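For reference, the structure discussed in these notes is given below.
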Amino acid sequence: MRSQDIRKHFLEFFKSKNHSIVPSAPMVIKDDPTLMFTNAGMNQFKEFFLGNGTPVNSRVTDTQKCLRVSGKHNDLEEVGKDTYHHTMFEMLGNWSFGDYFKKEAIEWAWELLTEVYKIDKEILYVSVFEGNEEEEIPVDGEALELWKKIVPEDRIIFGNKKDNFWEMGDQGPCGPSSEIHVDLRSEEEKAKIPGRELVNQDHPLVVEIWNLVFIQFNRKADGSLEKLPAQHVDTGMGFERLCMVLQGVKSNYDTDVFTPLIKEIEKITGSTYGKNEETDIAIRVIADHVRAVAFAIADGQLPGSTGAGYVIRRILRRAIRYGFTFLNQKEAFVYKLVDTLSKQMGEAFPELRAQQNLCENVIREEENSFLRTLDQGLILLDQIMQETPDKKVSGKKAFELYDTFGFPIDLTALILGEKGYSLDQKEFEEELQKQKDRSRSASKVISGDWQEVNAGETEGFVGYDTLEAEVKILRYRKVKSKKEGELYQLVFDKTPFYPEGGGQVGDKGVLESESGEVIYITDTRKENNLIIHLSKDLPQDLSGTFKAVVNAARRARTAANHSATHLLHQALRNVLGTHVEQKGSMVQSDYLRFDFSHFSKVTAEEIQEIEDFVNTRIAHKLPLVENREMTYEEAINDGAIALFGEKYGDKVRAIRFGDSIELCGGTHVGNTADIWHFKIISEGAVASGIRRIEAITSEAAKDYFVSQTEVYSEIRAVLKNPKDPVKAVMNLQDENTELKKQVEALLKDKAKNLKGDLKNEIKEINGVNFLAKKVDLDAGGIKDLSFQLGDETDNLFLIFGTEQNGKALLSCYISKELAAEKDLHAGKIVKELGKFIQGGGGGQPFYATAGGKNPAGINEALQNAEKYIK
RNA sequence: GGGGGAUUAGCUCAGCUGGCUAGAGCGUUUGGCUGGCAGCCAAAAGGUCAUCGGUUCGACUCCGAUAUUCUCCA
């Protein structure tokens with residue numbers, strides 16, 4: 001069965017059991033601070049488990065693209081070494097939100113595997129949670145009884161808390177799980193060791209394929225469990241593993257999910273899969289990683305140096321590294337695989353096809369830049385080896401190479417090994433750990449339990465139409481972090497405060513109690529679909545009704561910037577072409593930032609055209625037309641622009657100004673006239689194929705023009721109001737360089753004369769050409785003069801003194817030969833003479849200077865100089 | 001968000017613990033030689049040593065801040 005059909009059959013099966021098929025959520029998570037990537041099928045439904053939202057259908061099924069790069073069962077560094085771990089994978093799942101529970105979940109899972117996919121019942125094992133005495137959780141007897149009806153008891157295994165009790169995190173919904181395992185070993189192997197002894201033992205051919213989680217508890221901050229009012233089912237089946245089972249192969253990489261990629265890698269790199277273990281690992285690493293990276297980029301996540309972008313960069317660099325070392329790829333090649341991937345998976349995931357061009361460009365650029373890093377690192381490593389005669393390279397050195405210059409540690413170890421050097425791995429690990437501890441303590445967040453104040457559900461955001469509302473506090477908690485200190489997070493029954501999202505910053509404002517107490521709301525965010533208000537303090541009395549008031553001026557400026565962002569988007573597509581796609585935006589009160597795909601610099605003329613386009617629409621006073629109750633399809637049919645990598649609900653909000661229609665949850669002005677004016681202040685690149693425009697509107701634009709005008713008039717005033725200021729400045733510059741040249745020539749002339757005069761004053765004393773004199777030159781001039789005289793006269797001993805800005809300066813020059821011959825040291829001499837001018841000094845044997853605060857002593861110092869050659 | 005590094009000629013970079021009058025290669029210009037594949041030889045031009053401040057007799061070098069950039073960690 002082809003992988004495409006395996007996926008289809010799964011979804012169809014649950015559709016026949018009254019489940020709605022929903023699309024995969026984006027792999028990159030945008031508005032959940034606790035998670036960077038979707039790492040399990042349940043992520044997009046988290047809000048339903050937490051009770052923060054209600055699903056349209058209580059039965060849902062999907063295939064979810066997931067990314068795992070850390071965690072108990074998957075470390076990035078392990079992927080590729082075996083045949084069954086991945087960074088990016090698909091998770092097939094079926095879900096019940098307070099609907100069916102263990103009975104149906106278990107029976108349907110068995111039916112699908114054995115009757116639809118026709119997997120031999122004899123090779124399947126199931127596990128049931130054995131209970132945990134410490135936490136007083138009983139054995140999952142319910143699941144056990146259900147399984148007993150289907151499976152012979154000798155194929156039911158009891159699992160401990162680690163394997164069979166599922167938790168989302170330290171806090172939140174959790175519950176026991178039942179896993180289905182499959183034994184793919186040969187008959188001989190099975191005869192030697194029974195399959196049930198290998199379940200959960202990390203055997204590559206005895207693997208878990210489906211995990212059925214029964215969510216029935218909530219874990220509180222103190223570690224205790226409470227029963228949930230509604231019970232849920234959350235299942236996940238690894239798509240790639242299922243394909244392995246159904247296609248009768250022994251490795252995920254032998255399924256048709258991976259074979260096209262592997263063939264292409266063989267072709268590009270001229271290597272063969274299946275002959276050499278090192279080569280195989282490299283090929284698997286690349287095949288796996290290119291999927292993860294391409295999907296992430298298609299979801300809008302570019303490789304970068306922070307957060308999710310950094311994870312993507314690391315994955316891609318690992319692929320490059322393996323290609324570099326084991327497949328001898330010294331030039332960019334990973335990007336060439338995107339085409340194959342897009343052909344193969346573009347049907348199930350159309351974003352891949354749409355973003356193919358971008359994916360290729362971004363990956364190629366990233367490859368080139370990393371190959372440069374590697375080159376640089378190789379040179380540095382060579383240097384380290386030269387500086388290490390005992391051939392024992394310290395972990396500190398290797399860490400520096402890794403930490404500061406980005407040179408991978410495994411490459412360091414490999415090269416050192418080849419050259420017969422050893423590496424202190426332990427010290428390296430220690431250094432790494434230190435760095436981790438530093439970072440962790442800097443970003444640690446401690447959150448307390450939610451304290452309920454008023455019961456009830458929250459209505460959510462009501463601030464499209466109003467900036468003020470009478471609200472009640474539903475719950476609050478205290479959060480402590482190094483960055484922000486102690487803060488309170490408050491949840492209201494409804495709120496006019498816009499939470500940070502869709503690129504727009506969260507609102508600020510105040511909360512007024514009936515008694516007149518005022519609490520400042522410093523920011524508003526969204527977590528698991530819950531709107532959270534941040535404040536430094538809590539009101540004295542939490543129970544009453546409060547007036548929540550948004551900072552209106554700030555919101556108005558933000559709204560102007562957000563609406564301008566839409567017009568800018570439209571302008572870009574008009575002026576530059578429809579290949580322009582939004583790749584990110586940041587809408588604040590004082591400026592806006594817009595990233596978009598475009599492959600060349602936007603010219604000054606185009607910038608002008610874009611500004612004009614937007615300002616024309618501002619001048620046309622286009623009213624806001626808002627539709628909050630459209631379906632996604634209706635909006636798209638109307639011509640609305642949706643964003644890749646964005647998760648849309650079943651009802652969307654469309655924002656329209658004239659011909660600009662976008663799906664958007666942000667706040668906007670009522671009429672484009674409220675934007676006043678739009679001005680681009682910068683344009684530049686953020687990544688290959690991605691450009692960034694920064695712009696300002698309304699008051700900020702006014703301020704900009706005012707300050708620019710001020711600077712301009714100041715310049716004019718300084719230049720005495722010339723007709724053409726630009727020409728005036730250019731004249732000044734020309735004149736300046738001309739004068740500089742003249743001064744230089746004059747000074748040279750002067751020095752020449754002075755030099756001639758001084759030369760005549762040189763006296764021979766004891767075979768040494770000696771001169772001690774006060775001159776009127778600065779430190780640089782004296783040095784110049786000294787060396788010039790030194791070039792022309794042998795056996796020279798010079799002492800110059802000068803007064804500069806009320807301070808005394810002495811300098812001493814001694815011909816090199818003379819210094820060596822007579823054992824003279826200018827530095828020592830000048831130090832001794834320095835006491836006459838109340839100062840100190842030093843330098844080399846042949847030239848030294850001293851400074852002091854007593855210019856009156858210069859003459860005395862000069863008189864004393866002669867004794868050094870007597 | 002936290003740490004580390006870098007910023008020197010048009011380009012790629014040296015310049016060690018403060019003091020050799022800031023250098024090299026490539027490139028540019030000029031002159032000479034030469035029948036090519038990076039032609040050869042000679043000479044010259046080209047630098048606010050990122051910016052600002054501090055320490056010092058003296059700062060490219062040490063310290064602090066800023067900007068830009070690379071990199072690791074979260």
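The structure displayed is predicted, hence computed values, not measured ones. The sequence lines fix the lettering, A, B, ..., with proteins before strands; numbering per chain opens at 1.
In this structure, A:A826 and A:Q844 approach most closely via the heavy-atom pair CB-O, 3.6 Å. The two atoms that bring A:L534 and A:L487 nearest to each other are CD2-CD1, 3.9 Å, heavy atoms only. The minimum heavy-atom distance between A:I286 and A:A319, with the atom names listed, is CG1-O, 3.7 Å. Contact between A:I814 and A:H825 at its shortest, heavy atoms only, is CD1-C, 4.3 Å.
The OH atom of A:Y847 sits 11 Å away from the P atom of B:A22 (whole-angstrom rounding). For the pair A:M36 CE and B:G1 P, the interatomic distance rounds to 15 Å; values are reported in whole Å. Atom CZ of A:F787 is separated from atom P of B:G19 by 13 Å (rounded to the nearest Å). If you measure from atom CZ of A:R372 to atom P of B:C11, you get 16 Å, rounded to the nearest angstrom. Between A:F37 atom CZ and B:A74 atom C1' there is a gap of 13 Å when expressed in whole angstrom units. At whole-Å resolution of the value, CD in A:E803 and P in B:C57 are 18 Å apart. Counting to the nearest Å, the P atom of B:U21 and the CD1 atom of A:I814 are 14 Å from each other. The CD1 atom of A:I829 sits 16 Å away from the C1' atom of B:G19 (whole-angstrom rounding).
For A:D403 against B:G5, a side-chain-to-base donor-acceptor contact under 3.5 Å is absent. For a distance-only test at 3.5 Å, the side chain of A:Q435 qualifies as a donor-acceptor partner of the base of B:C72. At a cut-off of 3.5 angstrom, the base of B:G19 holds at least one donor-acceptor pair with the side chain of A:T849.
Taking atom P on both nucleotides, B:G19 is separated from B:G3 by 30 Å, rounded to a whole Å. B:U8 and B:C52 have their P atoms separated by 15 Å, with the value rounded to a whole Å. The same atom, C1', is picked in B:G18 and in B:C60; the two are 10 Å apart, to the nearest Å. Nucleotides B:G15 and B:U7, compared at atom P, are 10 Å apart to the nearest Å. Between B:G27 and B:C41, the two P atoms lie 12 Å apart (nearest whole Å). To the nearest whole angstrom, the two C1' atoms, one in B:U69 and one in B:U51, are 15 Å apart. A gap of 23 Å separates the C1' atoms of B:G32 and B:C37, to the nearest Å. On the C1' atoms, B:A9 is 15 Å away from B:A50, given to the nearest whole Å.
Of all nucleotides present, only B:G10 satisfies the Watson-Crick or G-U wobble test against B:C26, with each distance under 3.5 Å. Here B:G53 sits opposite B:C63 as a Watson-Crick or G-U wobble pair (both hydrogen-bonding atom distances under 3.5 Å). When both distances must be under 3.5 Å, the Watson-Crick or G-U wobble mate of B:A45 does not exist. Across all strands shown, B:C40 pairs with B:G32; the Watson-Crick or G-U wobble distances both stay below 3.5 Å. Of the nucleotides present, B:G5 is the one that pairs with B:U69 by Watson-Crick or G-U wobble criteria, both distances under 3.5 Å.
For the pair A:K330 and A:F324, the cation-pi test (distance below 6.0 Å, angle within 45°) is passed.
The side-chain heavy atoms of A:N864 and A:F836, taken from C-beta on, include a pair separated by under 4.5 Å.
At a threshold of 4.0 angstrom between heavy atoms, the contacts of A:G839 with the nucleic acid are absent. Within 4.0 Å of A:L809, counting heavy atoms only, lie sugar-phosphate atoms of the nucleic acid but no base atom.
A:R318 contributes no side-chain N or O that, together with a main-chain N or O of A:H289, makes up a donor-acceptor pair within less than 3.5 Å.
Residues A:G841 and A:T404 each lie close to RNA chain B; by heavy-atom proximity, the contact nearer the 5' end of the strand is made by A:T404. Along RNA chain B, the nucleotide nearest to A:G843 and the one nearest to A:R438 differ in position, and the one closer to the 5' end is contacted by A:R438.
Closest approach to the A:Q844 side chain among B:G5, B:A74, B:U21 is made by B:U21 (side chain taken as heavy atoms from C-beta onward).
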